[in-house]
Amino acid sequence: MSVQKPSIPQGTRDFGPVQVARRNYIFGIIRRVFEKFGFAPLETPTMENLSVLTGKYGDEGDQLLFKILNSGDFLNGKKGPVTAEDLAAGSKATLPKVAEKGLRYDLTVPFARYVVMNRGQLTLPFKRYQIQPVWRADRPQRGRYREFVQCDADVVGTNSLLCEAEIVLMIDEVLTSLGLTDFSIKINHRGVLSGIYQALGGVGRESDLFVAIDKLDKIGQDGVTKELLERGFPQAAIDKVFAYLQVGGSFAEKLETLRSMFGADGTLQDAAAGPAKGLQDLAEVQQYLQDFGFEHFERLDFDVTLARGLSYYTGCIFEVKVNNVQMGSISGGGRYDNLTGSFGLPGLSGVGFSFGVDRIYDVLETLELFPADAVSAPLCLLANFDAEGRPALLPLLRGLREAGLSAELYPEVSKLRKQFEYADKRGIRYMLLAGSEERAQGVVKLRDMRAGSEQTVPAAEVVATLQGLA
RNA sequence: GUAGGUAUAGCUCAGCUGGUUAGAGCGUCGGAUUGUGAUUCCGAAGGUCGUGGGUUCGAGCCCCAUUACUUACCCCA
């Protein structure tokens, strides 16, 4: 019988004690900020019915869903047996008969489902945050996993742009609290993008245009030009696109320039929608931020080329990039005017965003921004000298724990060297020594493993001393 | 789904144009006046070189297949 090497599925990871502690550190900061801004926690099941998930993320998204094979005799389920015709018609035809559940792909759709199912009980506007893993059957690569945790905060039931402004504030506060300073909160508006498309006079496909211009910083002007030509956009239209994309200046200056350009192209007729609405919304968000006294406008970047996640966003769009680190966006979001519509509840506007914890983790690790105490280890290790010491050590250990101090006794009698190495490797700050010498004098020795210094304290005062040090 | 790259000790990797018993660092374990780590020194264990075929007198190295991992594209946190 051959022993097989154990492994874990592609794109998944184990998290050791240090990683868990560091991840909890990130979760803690995010949770604190979310709650400070008035969001309430929500958790939804790991699996959803496929009817809830499919069709919400586009064809590509459907392919990235993890489907759960039905339990029992899945070839002969309640929807009838899988026939030769089903198989001949391909997986798409066979799937509904063998799988009715899937792993959640993001947190926004389950949230929408929750809102619809509980519409009678919810007080609107409803603000919820959700920190849970999601799964995508993607090809893993740098900063991209098949199982990762999202931290979402969404508001439904209000059109107020105050929400958008607060999203900027939350992103800035979370990232600043994590020690990040050099990042850009990119903001754009679906209306601005569609205005650019309208200005072209209806050539090409809108989505092709957005996908191409989103890559500007990656493949450059030549690359975008090439891609647009391949998609059937005439050179004249492409020139016009770049005229828009190259708009520069401050937030306000960009708004002003774009307004006059859209005016010249005649795309501002409908003041309640399209580019007019987009520019107005962005101006309002900026005004809110100013009124808030937002101090980091240099981090807020009105980026006309930002065009991500357009499958359901209808208003403002956000994305956050950490500069000087090779990593995709660590946060993104936007407003969606009709997310609950597909579940039979039209007219509910929502806006939300999400932090990608796994990417933030990688960034913090790259930049060495984790605090040293973001590890979980007991405060103190009691050295185990000999059996004679145990009658005194165990009550002491208990006393430390009752005082709320984490402590442990090295479980077996062994060489001190080994016990010190153990404490060092686990990051235990203090080592408590009570061998025959100390016992004879009624004292214990406390060694600070970080400083390398030792002090002798009366046995009766150990708890108080350690409490003072902790 | 498309295109590359890699696969040798627990980990990170050497291994020259194919040539005897496949190496290093780190880690693990043991020892150096039997009460002191992070920071000394010595020693040991640990590999059928991803798997299966082929070429050859001879393969870790060349060829084919296969699997896994990885990077990039599409798309996305």
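Here is how names work: the chains are called A, B, and so on, in the same order as the sequence lines, proteins then strands, and each is numbered from 1. Just so we're clear, the structure is a prediction, and the values are computed from it rather than from any experiment.
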- [ ] Could you check whether the rings of A/Phe34 and A/Tyr129 sit parallel, tilted or perpendicular, using 30° and 60° as the cut-offs?
- [x]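 It falls in the tilted class, 30° to 60°.
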
- [ ] Sticking with atom P, work out how far B/U39 lies from B/A3, rounded to a whole angstrom.
- [x]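 That atom pair is separated by 49 Å.
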
Task: Minimum side-chain heavy-atom gap A/Gln19-A/Arg13 below 4.5 Å - done: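 No; the side chains remain at least 4.5 Å from each other.
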
Task: 4.5 Å side-chain heavy-atom contact, A/Asp208 and A/Phe233 - done: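 The answer is yes, as the side chains (C-beta and beyond) meet within the 4.5 Å cut-off.
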
Consider only side-chain N and O atoms of [X] and [Y], and report whether a donor and an acceptor are under 3.5 Å apart.
| X | Y | answer |
| --- | --- | --- |
| A/Thr44 | A/Gln130 | yes |
| A/Gln221 | A/Gln246 | yes |
| A/Tyr288 | A/Glu164 | no |

- [ ] Could you check whether A/Gln63 gets within reach of a base, just the sugar-phosphate, or nothing at all, counting any heavy atom under 4.0 Å?
- [x]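 No contact.
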
Open item on the list: Mind checking if A/Tyr145 touches a base, just sugar-phosphate, or nothing, with heavy atoms under 4.0 Å?
Closed with: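 Base: the residue A/Tyr145, judged by heavy atoms under 4.0 Å, touches a nucleobase.
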
Can you give me the N/O atom pairs linking the protein to nucleotides 36-39 of chain B at distances under 3.5 Å, or say none if there are none?
{"residue": "B/U36", "atom": "O2", "partner": "A/Arg447", "partner atom": "NE", "Å": "3.4"}
{"residue": "B/U36", "atom": "O2", "partner": "A/Arg447", "partner atom": "NH1", "Å": "3.2"}
{"residue": "B/U36", "atom": "O2", "partner": "A/Glu454", "partner atom": "OE2", "Å": "3.2"}
{"residue": "B/U36", "atom": "N3", "partner": "A/Glu454", "partner atom": "OE2", "Å": "2.7"}
{"residue": "B/U36", "atom": "O4", "partner": "A/Lys445", "partner atom": "NZ", "Å": "3.2"}
{"residue": "B/G37", "atom": "O2'", "partner": "A/Asp424", "partner atom": "OD2", "Å": "3.2"}
{"residue": "B/G37", "atom": "N7", "partner": "A/Arg447", "partner atom": "NH2", "Å": "3.2"}
{"residue": "B/G37", "atom": "O6", "partner": "A/Arg447", "partner atom": "NE", "Å": "3.4"}
{"residue": "B/G37", "atom": "O6", "partner": "A/Arg447", "partner atom": "NH2", "Å": "2.7"}
{"residue": "B/G37", "atom": "N1", "partner": "A/Met449", "partner atom": "O", "Å": "2.4"}
{"residue": "B/G37", "atom": "N2", "partner": "A/Asp424", "partner atom": "OD1", "Å": "3.1"}
{"residue": "B/G37", "atom": "N2", "partner": "A/Met449", "partner atom": "O", "Å": "2.6"}
{"residue": "B/A38", "atom": "O4'", "partner": "A/Asp424", "partner atom": "OD2", "Å": "3.0"}

I'd like a list of close polar pairs between nucleotides 72-75 of chain B and the protein, N/O only, cut-off under 3.5 Å.
{"residue": "B/A72", "atom": "OP2", "partner": "A/Arg142", "partner atom": "N", "Å": "3.4"}
{"residue": "B/C73", "atom": "OP1", "partner": "A/Lys218", "partner atom": "NZ", "Å": "3.1"}
{"residue": "B/C74", "atom": "OP1", "partner": "A/Lys215", "partner atom": "NZ", "Å": "2.7"}
{"residue": "B/C74", "atom": "N4", "partner": "A/Arg144", "partner atom": "NH1", "Å": "2.6"}
{"residue": "B/C75", "atom": "OP2", "partner": "A/Lys215", "partner atom": "NZ", "Å": "3.4"}
{"residue": "B/C75", "atom": "O2", "partner": "A/Arg144", "partner atom": "NH2", "Å": "2.1"}
{"residue": "B/C75", "atom": "N3", "partner": "A/Arg144", "partner atom": "NH1", "Å": "3.4"}
{"residue": "B/C75", "atom": "N3", "partner": "A/Arg144", "partner atom": "NH2", "Å": "2.5"}

Open item on the list: For A/Arg401, I'd like to know if atom CZ has over 12 heavy atoms of other residues, nucleotides or ligands within 6.0 Å.
Closed with: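 Counting other residues, nucleotides and ligands, CZ of A/Arg401 exceeds 12 neighbours.
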
TODO: Identify the nucleotide, in any strand shown, that forms a Watson-Crick or G-U wobble pair with B/A7, with both distances under 3.5 Å; if there is none, say none.
DONE: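 Partner of B/A7: B/U67.
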
What pairs of donor and acceptor atoms, side-chain ones from residues 452-470 of chain A against any protein atom, are under 3.5 angstrom apart with sequence neighbours left out?
{"residue": "A/Glu454", "atom": "OE2", "partner": "A/Arg447", "partner atom": "NH1", "Å": "2.8"}
{"residue": "A/Thr465", "atom": "OG1", "partner": "A/Glu461", "partner atom": "O", "Å": "2.7"}
{"residue": "A/Gln467", "atom": "NE2", "partner": "A/Ala403", "partner atom": "O", "Å": "3.4"}

